[in-house]
Amino acid sequence: MEQFSKDMMSNLFGNPHSASPSSQLSSRRIDEIRLRVLRFFCADPNEFDVVFVANATAGMKLLLEIFRDYHEESSGPYSRKGFWFGYHHESHTSLIGMREVAGAGSRCFESDEEVETWLSEGGIGTGSSGAADALFGYPAQSNMTGRRLPLDWCGRLRRLTQADRPKIYSLLDAAALVSTAPLDLSDAAQAPDFTVLSFYKIFGFPDLGALILRKSCAPLLGRRKYFGGGTVDMVVCSKENWHAKKTQSLHDQLEDGTVQVHNIIALDSAFDIHERLFGDMSSISRHATYLVKCLYEGLSSLRHHNGQPVCEIYNDGRSEYGDSTRQGPVVAFNIRDAKADWISNVEVEKLATIRNIHIRTGGLCNPGGVASFLQLAAEEMKQNFADGQRCEPELEGSISKPTGAIRVSLGAMSNLDDVNMFIKFIREFFVPPNTETIPRLTRLSEMYSIFPTMCVKTLTIYPIKSCAGWNVRPEMNWDVLPEGLALDREWCLVHLGSGAALSQKACPKMALIRPSIDLENGVLRIRADCSKTEQRSMASEIIVPLRSSLTLLDQASCQATKNQGSRVCGDVVTLQRYTSEEIARFFSSALGVACTLARFPAGGPGASCRQSKVNAHDDIKRLTHAEKGLDERVGRPILLSNESPILIISQSSVDHLNTQIEASGGRKVNAESFRANVVIDETDHSASHAGLPYIEDSWESLHIGRQKFKVSIPGL
Ligand SMILES: *Cc1c(COP(=O)(O)O)cnc(C)c1O
């Protein structure tokens with residue numbers, strides 16, 4: 001960044017394609033860097049050209065445009081029905097997407113063997129009638145497992161092409177490979193026709209990608225329809241639509257508009273510094289390969305006390321950690337507990353975040369790999385999607401079947417300490433000593449027979465989702481409604497741009513926003529205890545009427561409300577957003593995020609309104625959910641199975657947890673940390689059976705007044 005900054009401060013880079021010195025400077029530097037890119041991949045500039053694009057995905061889209069337009073016009077024997085597209089099932093979503101415009105059909109190759117067979121049979125069966133030009137795409141390295149696929153497929157495909165047959169082109173998605181391995185295109189006969197990659201994956205910066213293409217593919221480009229900016233020499237726009245495209249070089253024909261001048265210039269510094277720090281790519285490859293071997297051996301040897309392996313590592317047996325031709329520095333896996341139940345990778349990621357470990361979890365943009373390693377059928381994946389898996393999976397703790405994986409990636413910057421620290425982290429959190437898990441479960445069954453007298457210790461509502469709670473004073477009566485305690489999570493804060501509800505995870509300062517209910521005056525008062533510095537001019541308190549009728553909302557500080565679709569944890573819900581400038585300014589300056597207050601419409605469209613409030617409880621998970629099984633006033637069952645309007649925790653559970661935390665040298669937590677609505681406590685602490693942690697987990701139902709609630713325990 002420093003070298004790039006110096007470059008920027010001491011030169012004036014103009015828009016290329018002009019005669020001015022600044023423009024000439026840019027053109028000259030870009031030409032140099034283009035050559036440098038080719039040299040980095042040992043590609044002969046007489047054989048290959050580089051097209052700068054935004055990222056690897058944009059490179060694929062550009063290629064798709066070339067193929068679609070070329071094969072749309074009926075001018076060749078094999079180009080009438082569009083092109084045929086073949087892809088390996090471990091492809092990134094960006095590559096799979098190309099199938100959607102392949103007019104002559106597509107095929108997903110389910111394994112390397114299928115590709116081998118297809119190649120040995122001469123690449124036949126491409127296209128419905130077997131007579132269409134074909135493009136075969138695959139990743140050089142799986143972005144899920146890090147497995148490296150054979151690079152010789154490209155050369156073999158080339159040799160299959162004969163003059164009287166449809167052509168088969170190869171596309172290598174090198175985005176994952178090139179960050180930790182050299183890519184050598186020096187043997188043009190063996191090299192892919194098209195290679196896509198993203199430079200940020202190699203250098204971190206700049207955000208730029210490339211499509212490296214074989215110059216002999218030039219005839220394909222001629223029919224690309226679109227032109228714009230740099231790619232056209234002359235355009236006539238009168239009665240006649242005539243234009244002459246640039247023909248000097250392939251990149252001139254393909255880089256529409258102004259290239260990313262400054263990003264390309266930055267690439268020069270990236271190459272310099274990367275080389276100075278790490279030498280060449282093969283030393284990075286050796287380093288990272290050694291590290292991943294250690295990581296793999298460490299993780300695969302972890303065992304629970306009963307011998308049960310901790311990590312299920314996803315590789316297909318062909319992968320050899322330690323062999324850089326077959327495996328990149330990536331380990332994809334899931335974790336099981338001692339009973340062989342799966343641990344949700346959402347939980348793993350959350351704990352990793354606390355330790356400042358950056359890992360990726362979930363679907364990993366590799367649906368084929370995830371489906372085959374996790375043995376998810378297409379129907380299951382669709383069902384998971386319907387169940388809202390796009391968003392963060394709801395479940396934590398142990399789950400019946402994982403829908404994603406944990407991926408750990410190593411690179412030039414990683415070292416052995418990182419690897420050991422990660423293994424230690426997994427051991428610390430997911431390999432409990434023998435004594436910890438068993439007693440709790442036996443205690444639970446013992447406790448079934450004991451019924452201690454319990455009382456409500458505190459009653460808390462969270463008027464604004466993710467903000468501070470407000471305690472209901474003991475002398476107050478408080479309504480218990482089907483959707484929970486009155487006014488609990490009645491409001492939320494939404495981003496002014498995206499409309500999405502803010503959460504404490506992304507915006508921790510929300511904890512310092514303190515709403516309180518003033519029943520005498522019928523208002524919600526909100527104070528913000530955030531840093532005082534930048535907000536001297538800000539009102540210290542903002543007041544909103546409790547009554548939610550639109551007429552009231554229209555008055556005073558909330559002149560009008562807008563009905564607008566918003567997203568709360570992936571679900572589109574209807575929220576009433578306050579349009580008052582003052583309210584928006586108050587929250588925006590308190591949080592440093594452009595946002596405003598919104599309200600769930602009172603009694604609004606029943607289900608969506610209530611579900612949205614329930615889903616808004618995403619910051620409280622490990623608590624006992626009191627679930628109302630039956631809305632007794634109307635006598636109909638509640639439709640939404642995951643509805644959990646009241647969150648309860650017992651003081652004894654918190655106390656027990658604290659003894660464990662203290663025993664391991666940690667800091668005690670308060671019951672409030674769990675953001676429960678109700679903290680319950682045993683009335684008689686001197687009783688012989690006093691202090692029964694997790695007793696609430698053994699309850700089936702709970703009565704509040706005359707209403708009965710079903711108890712559910714998430715993750716158990
Ligand atoms: C990251 C990646 C991509 C997508 O790269 P973008 O920079 O997001 O376009 C495609 N394929 C593989 C194998 C990747 O690892």
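For reference, positions follow the sequence shown, starting with 1. First listed ligand is number 1; within each ligand, the first listed atom is number 1.
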Output field: ring centroids F67/F85 closer than 6.0 Å: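 No, too far apart.
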Set of residues satisfying side-chain hydrogen bond (donor to acceptor under 3.5 Å, both in side chains) with respect to S142, sequence neighbours excluded: T145
Summary of salt bridge (charged side-chain N to carboxylate O under 4.0 Å, His left out) pairs that have at least one residue in residues 34-44, sequence neighbours excluded: R34-E255, R36-D268, R36-D272
What donor-acceptor contacts under 3.5 angstrom involve side-chain atoms of residues 201-211, with partners at least two apart or in another chain?
none

Greater than 12 external heavy atoms within 6.0 Å of M421's CE: yes
Under 3.5 Å: donor-acceptor pair, side chain of D152, backbone of Q190: no
Between ligand 1 and the protein, which N/O pairs are shorter than 3.5 Å?
residue, atom, partner, partner atom, Å
ligand 1, 7 (O), S198, OG, 2.6
ligand 1, 7 (O), Y200, OH, 2.9
ligand 1, 9 (O), A56, N, 3.3
ligand 1, 9 (O), T57, N, 2.8
ligand 1, 9 (O), T57, OG1, 2.5
ligand 1, 11 (N), D173, OD1, 3.2
ligand 1, 11 (N), D173, OD2, 2.5
ligand 1, 15 (O), K201, NZ, 2.7

